[in-house]
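Residue indices begin at 1 and follow the sequence shown. Bear in mind the structure is a predicted one, so any value in this text is a computation, not a measurement.
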Amino acid sequence: MKSKKIRKNIIKWIIILGLLAFGFIKNREFMHEAFLEIKHTPVKVLAACFLLANLFFIAEGAIISCMTKSKDKKRLSLLEGISCTYMCAFYRLATLGSGNGIAQIYYYNTKGIDVSEGTGMAITQYTFQKITIGIMGIISYILLILRGNKALMKYSWLMLAGVLVISFICGFLFIITVSKTISKFVIAIARKIIKKESRLQKKIDKLEAAVNALQTQGRIMWHDKKLFITVVVLDILKLSCWYVIPGVLFSKNFGLNPFMCLSLMAVCNMLGCVMVAPSGIGTLDFVFALLFKTVVRSGKAIAAAIVIYRFFTWVVPFIIGLIPAAFLNNKRDKEDSLVNLKETDSDGIKKTDKE
């Protein structure tokens, strides 16, 4: 039993270190550029970027803590919520976005929240974040248009297209969350279009289960006004922390006020949401370079800002997230050992085997 546990631990650590190595190798050029740019940036600016980037995860941890509150008043603590969001950040970069949601549901499950309930919470959190990104992007678009920057007006058609698409997405997500009739109708139409023997039917089953979980948790959100307002405010706060980072980088040398940068970043993230790429990789960078060059005349400064922004919002959380990921695996191993011990008698034979 001891050798089996050792083998299990070795395999888990190989997987964790493998993911870590994959993340660094996959992004090695970016990492190299990041460290070079960071060397030439003032320490105060880097400290401010580090603080803002991590305030995002603290706010998201608070959202998780609030949303996991159940009928019996038990929920994840703020520290557990923060640990969860950093662990998700680790798997987000290691798997290029695909493992983020699964990691969150897994963390919930280790804290006694069943998979269906955890799925509902994770999907609801994602939905509210998406809607907040859309609303902040639309408001920022209107403010930038009213400001009347001529250079920026060249891309007004692109921003307007993003506003229209995100408005549709936000509207659809809202309707699906609150209306069972419409969601059932949409799923019924999908089942009719797709052949019964098609493999896609299984995906529709999963989609239906996800929608049901979303609506169950969504109803809790709509009826609990305090929870709803808390989540919305924290979503705005956490996104604003990331959006203002370019303002910190550009304010000294280019005289840009943080509010202008926040508005531009809100539009960039809105457009990044509607452009297809794994976890938004590449899309935000492209839109960032396109829009910020209208107010920052240095291409090198824009490139440096992208590198620093990505470093503090992706790489640093990825490294920090290794700690809760490793700790959770060790804790799970101890719990498994205790279960095995309870199932084993004094002769070292499992009770189930005797039976």
Rounded to the nearest 0.5 angstrom, the OH-CE distance for Tyr141 and Met159 is 6.5 Å
Let me see the working for Cys261 and Val244 under side-chain contact (heavy atoms from CB on, under 4.5 Å), right down to the final yes or no. CA-CA 6 Å; Cys261 290; Val244 83; over 6 Å; no
Does the plane of the ring in Phe228 sit parallel, tilted or perpendicular to the ring in Phe128? Use 30° and 60° as the thresholds. perpendicular
Pair Phe250, Val295 - check side-chain contact (heavy atoms from CB on, under 4.5 Å), show working. CA-CA 10 Å; Phe250 292 136; Val295 290; over 6 Å; no
Closest non-hydrogen atom pair, Ala266 against Ser140: CB-OG, 3.2 Å
For the student: nearest non-hydrogen atoms of Met153 and Leu144, plus distance: CE-O, 3.9 Å
Here the gap from Leu164 atom CG to Ile169 atom CD1, rounded to the nearest 0.5 Å, amounts to 11.0 Å
Do the side chains of Tyr86 and Leu79 join up, straight or via other hydrophobic residues, at under 4.5 Å, putting them in one cluster? no
If every non-hydrogen atom of Leu76 is compared with every non-hydrogen atom of Thr68, which pair is closest and at what distance? N-OG1, 3.1 Å
I need the minimum non-hydrogen distance between Gly137 and Met270, along with the two atoms involved. C-SD, 3.6 Å
Are Tyr108 and Ile63 co-members of a hydrophobic cluster defined by side-chain heavy atoms under 4.5 Å apart? yes
Check whether Thr85 reaches the backbone of Ile82 with its side chain - one donor and one acceptor, N or O, closer than 3.5 Å. no
Is Leu146 reachable from Met265 through a run of I, L, V, M, F, W or Y residues, each pair having side-chain heavy atoms under 4.5 Å apart? yes
Validation row: Glu60, Gln129 side chains within 4.5 angstrom (heavy atoms): yes
Heavy atoms of Gly81 and Ile64 approach each other most closely as O-CD1, 3.8 Å
Looking at Gln215 and Ser179, would you say the former's side chain and the latter's main chain have a donor-acceptor pair under 3.5 Å? yes
Close side-chain approach of Pro246 to Leu264, heavy-atom, < 4.5 Å: no
side-chain contact (heavy atoms from CB on, under 4.5 Å) between Met87 and Phe327, worked out: CA-CA 10 Å; Met87 190 185 80; Phe327 177 78; over 6 Å; no
Counting only heavy atoms from other residues, nucleotides and ligands, does the tally under 6.0 Å from OH of Tyr126 exceed 12? no
Donor-acceptor pair, Glu80 side chain versus Ser77 backbone, under 3.5 Å? yes
Minimum heavy-atom distance between Leu93 and Trp314, given as atom pair plus value: CD1-CE3, 3.3 Å
In this structure, CD of Gln125 is separated from CG of Leu234 (nearest 0.5 Å) by 10.5 Å
Between Asn212 and Lys184, does a side-chain contact (heavy atoms from CB on, under 4.5 Å) hold up when you go through it step by step? CA-CA 10 Å; Asn212 290 335; Lys184 283 181 180 179; over 6 Å; no
Evaluate the side-chain proximity of Leu284 to Tyr309: yes if any heavy-atom separation is below 4.5 Å, no if none is. yes
For Trp242 and Phe57, take the angle between the two ring planes, folded into 0 to 90°, and tell me which bin it lands in: parallel under 30, tilted 30 to 60, perpendicular over 60. perpendicular
Answer whether the closest heavy-atom distance between the side chains of Ser167 and Ile138 falls below 4.5 Å. yes
Nearest 0.5 Å, what's the CZ-CD1 distance between Phe311 and Ile319? 5.5 Å
Does some side-chain heavy atom of Lys180 sit less than 4.5 Å from a side-chain heavy atom of Val211? no
Spell out, yes or no, whether Ile204 and Ile189 are grouped together once hydrophobic residues are joined by side-chain heavy atoms under 4.5 Å, including indirect joins. no
Note, Ile145 side chain near Ser156 side chain (heavy atom, < 4.5 Å): yes
For Gln217 and Thr124, does a side-chain donor sit closer than 3.5 Å to a side-chain acceptor? no
Taking 4.0 angstrom as the limit, do Glu208 and Lys203 come out as a salt bridge? no
Under a 4.5 Å side-chain heavy-atom rule over Ile, Leu, Val, Met, Phe, Trp and Tyr, are Ile105 and Ile113 clustered together? no
Rounded to the nearest 0.5 Å, what separates atom CD1 in Ile142 from atom OG in Ser263? 11.5 Å
Looking at side-chain heavy atoms only, is the closest gap between Tyr107 and Cys88 below 4.5 Å? no
Taking 4.0 angstrom as the limit, do Lys130 and Asp235 come out as a salt bridge? no
Are Leu290 and Leu158 packed together at the side-chain level, in the sense that at least one heavy-atom pair is separated by less than 4.5 angstrom? yes
I want to know whether Phe318 and Tyr91 have ring centres closer than 6.0 Å. no
Distance check, rounded to the nearest 0.5 Å: Leu249 atom CG versus Leu46 atom CG? 8.0 Å
